[in-house]
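Please read the structure below before turning to the comments.
Only this structure's heavy atoms are used, side chains among them; waters, hydrogens and symmetry mates stay out. These numbers were taken from a predicted model, which means no experiment stands behind them.
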Amino acid sequence: MNTIFYVEYDAAHLSSFVFDIPEGHDCWLLVITQSPALFWIDGELKEYPPYCAVLYPPHHKIYYRACAERYVNDWIRFQTDELYITATSLPLGEPFALNDPEYCHKLFQLLVTEHSFQNEYHESSIDYLLRTLFNKMLESCVQVNIGPQHYPLMKLRTAIHNDPSSPWTVAAMAKTLNISPGYLQSIYKRSFGVSCMDDVIDSRIRLAQEYLRHYHYTVVEIADRCGYRNVEHFCRQFKKITGVSPKRYKQQIHPSK
């Protein structure tokens with residue numbers, strides 16, 4: 001069971017902010033930074049960049065402070081007997097970079113909402129949100145080389161998957177990140193194992209499959225809704241990825257129609 005004592009997101013502080021608890025709390029503390037900060041690690045102050053998480057177990061020394069004009073973080077102080085927390089393989093008392101800080105930030109927003117309203121499924125909702133948050137942090141710990149372009153790339157990929165029908169081009173995508181098209185293609189493939197345009201195409205074909213399964217649009221209408229201005233080009237790409245034409249795909253899904 002998890003008991004939240006306090007949870008907050010977008011907590012903002014001035015440059016003079018210092019949090020110093022030499023003996024630690026008698027409960028758990030999780031902090032996710034949105035700005036650079038200094039943390040006391042192995043007997044010295046070390047500066048860490050934004051988008052780091054640090055998990056403090058009960059009675060662990062806590063010391064961190066601002067190192068810029070403004071310090072912002074999300075944090076939660078809680079008690080737990082859940083093994084996914086008490087026996088976690090996450091580093092304790094030491095910051096680590098987050099793979100997807102925006103996702104974690106949204107989870108904090110939901111935790112604040114759930115903590116504020118004592119609804120019927122309050123406890124289970126809190127548990128599911130914390131489990132998801134700890135899973136995301138575990139994912140971050142196994143990822144290496146989270147460079148400065150990682151977070152803009154994550155936002156770009158989310159935008160592609162959320163709106164594949166937009167007129168995506170390598171040049172336009174590179175411009176949003178203020179990098180060259182060649183460099184974008186290199187780091188995108190290195191980060192996600194697929195090129196940016198192949199990601200666009202795959203997302204469009206997944207959307208087309210959804211339309212073919214559940215809607216009554218024509219192939220021409222689906223091509224247009226998926227960002228294609230040429231239906232023949234759409235059909236070629238669809239068959240290349242799925243192995244069948246859009247028409248044949250729909251017949252396989254709905255053989256009686």
Side-chain angles (χ1 to χ4, degrees), residues 98-107 110 124-125 128-129 131-140 142-147 149-257:
L98 286 174
N99 174 38
D100 194 346
E102 188 172 340
Y103 189 102
C104 294
H105 183 62
K106 290 176 182 176
L107 290 171
L110 293 171
S124 61
S125 296
Y128 288 135
L129 288 169
R131 285 178 185 271
T132 304
L133 179 56
F134 271 73
N135 282 344
K136 298 306 291 184
M137 292 193 295
L138 286 167
E139 288 176 5
S140 298
V142 299
Q143 179 158 341
V144 296
N145 299 325
I146 298 179
Q149 290 293 346
H150 175 78
Y151 303 117
L153 282 173
M154 288 289 293
K155 289 185 177 181
L156 173 61
R157 194 178 201 204
T158 299
I160 289 171
H161 288 189
N162 189 56
D163 189 15
S165 61
S166 286
W168 297 102
T169 65
V170 175
M173 288 187 277
K175 187 176 180 180
T176 65
L177 273 64
N178 294 315
I179 58 178
S180 72
Y183 185 52
L184 169 63
Q185 294 184 85
S186 173
I187 61 174
Y188 198 101
K189 181 71 175 287
R190 188 164 65 244
S191 296
F192 305 122
V194 61
S195 74
C196 49
M197 284 312 300
D198 281 346
D199 219 0
V200 170
I201 293 167
D202 290 344
S203 298
R204 287 176 174 176
I205 299 307
R206 284 197 301 271
L207 180 59
Q209 290 173 298
E210 181 68 10
Y211 284 139
L212 288 164
R213 287 190 191 100
H214 302 294
Y215 296 85
H216 298 292
Y217 300 129
T218 66
V219 171
V220 173
E221 289 172 327
I222 290 174
D224 182 67
R225 286 175 173 271
C226 293
Y228 291 91
R229 300 296 170 259
N230 183 296
V231 68
E232 288 80 13
H233 182 50
F234 162 67
C235 291
R236 283 195 300 271
Q237 287 195 337
F238 190 96
K239 187 172 184 178
K240 181 179 179 181
I241 290 175
T242 67
V244 294
S245 68
K247 183 178 180 180
R248 180 59 180 157
Y249 182 86
K250 189 165 188 174
Q251 290 172 342
Q252 291 175 345
I253 297 296
H254 305 290
S256 60
K257 296 184 180 181

- Task: Evaluate whether atom NZ of Lys136 has more than 12 neighbouring non-hydrogen atoms of other residues, nucleotides or ligands under 6.0 angstrom away.
- Result: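 More than 12 within 6.0 Å, yes.
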Tell me, yes or no, whether the heavy-atom count around Tyr128 atom OH, taken from other residues, nucleotides or ligands under 6.0 Å, exceeds 12.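 Open: at most 12 neighbouring heavy atoms sit under 6.0 Å from OH of Tyr128.
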Taking it one step at a time, do Lys189 and Gln185 satisfy side-chain contact (heavy atoms from CB on, under 4.5 Å)? CA-CA 6 Å; Lys189 181 71 175 287; Gln185 294 184 85; over 6 Å; no
Interatomic spacing from [atom1] in [X] to [atom2] in [Y] - rounded to 0.5 Å:
X	Y	atom1	atom2	answer
Cys104	Glu139	SG	CD	9.0 Å
Ile253	His214	CD1	NE2	8.5 Å
Ile222	His216	CD1	NE2	11.0 Å
Asp198	Ile205	CG	CD1	11.5 Å
Arg157	Phe192	CZ	CZ	5.5 Å

Problem - Intermediate values then yes/no, side-chain contact (heavy atoms from CB on, under 4.5 Å), His161 and Thr158 - result: CA-CA 5 Å; His161 288 189; Thr158 299; over 6 Å; no
Using the rule given for side-chain contact (heavy atoms from CB on, under 4.5 Å), can you reason through Arg204 versus Phe238, listing the C-alpha separation, both sets of side-chain angles and the distance that settles it, and then say yes or no? CA-CA 9 Å; Arg204 287 176 174 176; Phe238 190 96; over 6 Å; no
Hey, does the side chain of [X] reach the backbone of [Y] with a donor-acceptor pair shorter than 3.5 angstrom?
X	Y	answer
Glu221	Thr218	yes
Thr176	Met173	yes
Trp168	Cys196	no
Ser165	Cys226	no
Thr242	Val244	yes

request  = Would you please test Ile160 and Leu156 for side-chain contact (heavy atoms from CB on, under 4.5 Å) and show each step?
outcome  = CA-CA 6 Å; Ile160 289 171; Leu156 173 61; 4.1 Å; yes
Would you check if Glu102 and Lys155 make a side-chain contact, meaning some heavy-atom pair closer than 4.5 Å?
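With C-beta onward as the side chain, the pair touches.
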Please evaluate residues Asp224 and Arg229 with respect to the criterion salt bridge (charged side-chain N to carboxylate O under 4.0 Å, His left out), reporting the C-alpha separation (whole Å), side-chain torsions for both, the decisive distance (0.1 Å), and the verdict.
CA-CA 6 Å; Asp224 182 67; Arg229 300 296 170 259; 3.4 Å; yes
Shortest non-hydrogen contact from [X] toward [Y]:
X	Y	answer
Gln237	Ile201	NE2-CD1, 3.4 Å
Val194	Tyr188	O-CD2, 3.2 Å
Ser140	Asn99	OG-N, 2.7 Å
Pro246	Phe234	CG-CE2, 3.7 Å

Between [Y] and [X], is there a side-chain donor-acceptor contact under 3.5 Å, judged purely by atom types and distance?
X	Y	value
Ser203	Arg206	yes
Asp100	Tyr151	no
Thr132	Asn135	no

Do the rings of His233 and Tyr228 sit parallel, tilted or perpendicular, given the 30° and 60° boundaries?
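Rings of His233 and Tyr228: perpendicular, over 60°.
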For this session: Anything under 30° is parallel, anything over 60° is perpendicular, the rest tilted; go ahead and classify Tyr215 against Tyr217.
Result: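 Rings of Tyr215 and Tyr217: parallel, under 30°.
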